[in-house]
> 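Here it is, the structure in full.
Within every chain, numbering begins at 1; the chains are lettered A, B, ... in the order of the sequence lines, protein sequences first and strands thereafter. Excluded from the calculations below are hydrogen atoms, water molecules and symmetry mates; all remaining heavy atoms, backbone and side chain alike, are included.
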Number of protein chains: 2
Amino acid sequence: MLRPCYLGEFEHLILLALMRLEDRAYGVTVRQEIESRANREVSLGAVYATLDRMEIKGYVKSFRGDPTPERGGRSKRFFRVTPKGAAAVNRTHRAIESMTQGLQLLGSSS
Amino acid sequence: MLRPCYLGEFEHLILLALMRLEDRAYGVTVRQEIESRANREVSLGAVYATLDRMEIKGYVKSFRGDPTPERGGRSKRFFRVTPKGAAAVNRTHRAIESMTQGLQLLGSSS
DNA sequence: GCATTACTTCTACATTTTAGAACAAATTAC
DNA sequence: GTAATTTGTTCTAAAATGTAGAAGTAATGC
């Protein structure tokens, strides 16, 4: 099968979280960002699994930070979106946007 | 596991295609709509599998049309989005939107 | 050291996405 | 009418994604 270059739902949310968090993105903050912003519960296991897969695909890059002086403050694994990851987000947005053009659906529900 | 009420990527595109197509939505046109609008190749098998799953979940409803008088024009299985499906689209859009708020990413690529 | 805290990795499954082959029903050509 | 052709759907099987929770690791505080 040809490698699809489209993002899954959760991959998409995680990339957006990384973009928002900039240099503060690691497992816990990513999960928090999605829970509070997208109003959706996620497990840390899910977050890491998806980040690992996206690192293999080249959508994100991770590197170790230093330990912090809080109790339990061990070193974190930070993540950043790569240009390739950003391109994937853009492709996804364009696809959704062009499929949405002219539809009036986001009316007022909530 | 609790049934997640979030749409997968492809489910999302298919629901948008159904909304656009209104009463002309069946396997072939749905595929065409996604290929031309979202600029993405999809197989019919993928379209039907996803439509079937979404019918089970109550996001779409299908019904048979009559044969048409073209060569090979056998009867079609038409699909419509249900209110539940429309609600799922709205939830998905809200999640993406709130994750995107304030990010400037759709700059100019393409 | 031992308990506690913050964080990551591992394990195991469920669900979604995917392609292509097989099947079915209609039309046309002969 | 029956074989070939066309439109459309269903079936099958596998890969990719999504998910939760248990286990593991490194730090601090006592």
> Search all heavy atoms of A17(B) against all heavy atoms of V30(B) and return the closest pair with its distance.
CB-CG1, 4.2 Å
> I need the minimum non-hydrogen distance between H93(B) and T100(A), along with the two atoms involved.
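That closest heavy-atom pairing would be CE1-OG1, 3.8 Å.
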> Please collect all side chain to side chain donor-acceptor pair (under 3.5 Å) contacts where either partner lies in residues 21-34 of chain A, sequence neighbours excluded, each pair once.
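Non-adjacent pairs meeting side chain to side chain donor-acceptor pair (under 3.5 Å): zero.
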> Residues of residues 66-76 of chain B with any non-hydrogen atom less than 4.0 angstrom from an atom of DNA chain D: list those, numerically ordered, please.
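Only R71(B), G72(B), R74(B), K76(B) qualify.
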> Using atom CD of E11(B) as one end and atom C1' of dA16(D) as the other, report the distance to the nearest whole Å.
14 Å
> Is there a side-chain contact (heavy atoms from CB on, under 4.5 Å) between F10(A) and V47(A)? Walk through the geometry before answering.
CA-CA 9 Å; F10(A) 198 52; V47(A) 170; 4.3 Å; yes
> Can you sort out the partners of R53(A) under salt bridge (charged side-chain N to carboxylate O under 4.0 Å, His left out), two or more places apart, ordered by chain and number?
none
> Could you check which residues of residues 23-39 of chain A get a heavy atom under 4.0 Å from DNA chain D? Sort them by number, please.
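Close to the strand, none.
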> Measure from CG on L44(B) to P on dA22(C) and round the result to the nearest Å.
17 Å
> Decide side-chain contact (heavy atoms from CB on, under 4.5 Å) for E11(B) and K57(B); before the verdict, give the C-alpha distance in whole Å, the side-chain angles of both, and the deciding distance to 0.1 Å.
CA-CA 11 Å; E11(B) 292 179 325; K57(B) 294 195 273 189; 2.6 Å; yes
> To the nearest Å, give me how far apart OH (Y6(A)) and C1' (dT16(C)) are.
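For the pair Y6(A) OH and dT16(C) C1', the rounded distance is 17 Å.
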> Figure out the CG/C1' separation between L13(A) and dT17(D), and round it to whole Å.
13 Å
> Could you tell me the separation between the CD atom of E41(A) and the C1' atom of dG21(D), rounded to a whole number of Å?
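Interatomic distance, CD of E41(A) to C1' of dG21(D): 14 Å.
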> What is the distance, rounded to the nearest whole Å, between atom CG of L7(A) and atom P of dT16(C)?
18 Å
> Any N or O donor-acceptor pair linking the side chain of R53(A) to the base of dG18(D) at under 3.5 Å?
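Result: at least one qualifying N/O pair found.
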> Compile the donor-acceptor pairs under 3.5 Å between side chains in residues 38-46 of chain B and protein atoms, sequence neighbours left out, one pair per line.
from	atom 1	to	atom 2	distance (Å)
R40(B)	NH1	E9(B)	OE1	2.7
R40(B)	NH2	E9(B)	OE1	3.3
S43(B)	OG	A46(B)	N	3.2

> My understanding is that only residues two or more places apart in sequence, or in another chain, count here; which of them pass side-chain contact (heavy atoms from CB on, under 4.5 Å) with A49(A)?
none
> How many whole angstroms separate atom CD of E9(A) from atom P of dT15(C)?
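Checked: the CD to P distance equals 16 Å.
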> Mind calculating the distance between CZ (R77(B)) and P (dT7(D)) to the nearest angstrom?
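Checked: the CZ to P distance equals 20 Å.
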> More 5' along DNA chain D: F78(B) or R40(A), using each one's nearest nucleotide?
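By nearest-heavy-atom nucleotide position, the 5'-most residue is F78(B).
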> Which pairs pass side chain to side chain donor-acceptor pair (under 3.5 Å) with one or both residues in residues 66-89 of chain A, sequence neighbours excluded?
D52(A)-R77(A), E55(A)-R77(A), S62(A)-R77(A), T68(A)-E70(A)
> Please report the closest heavy-atom contact between L15(A) and G85(A), naming both atoms and the distance.
CD1-O, 3.9 Å
> Between the protein and nucleotides 11-13 of chain D, which nitrogen or oxygen pairs come in under 3.5 angstrom?
none

> Determine the minimum heavy-atom distance between L16(B) and V89(B), stating which atoms define it.
CD2-CG1, 4.1 Å
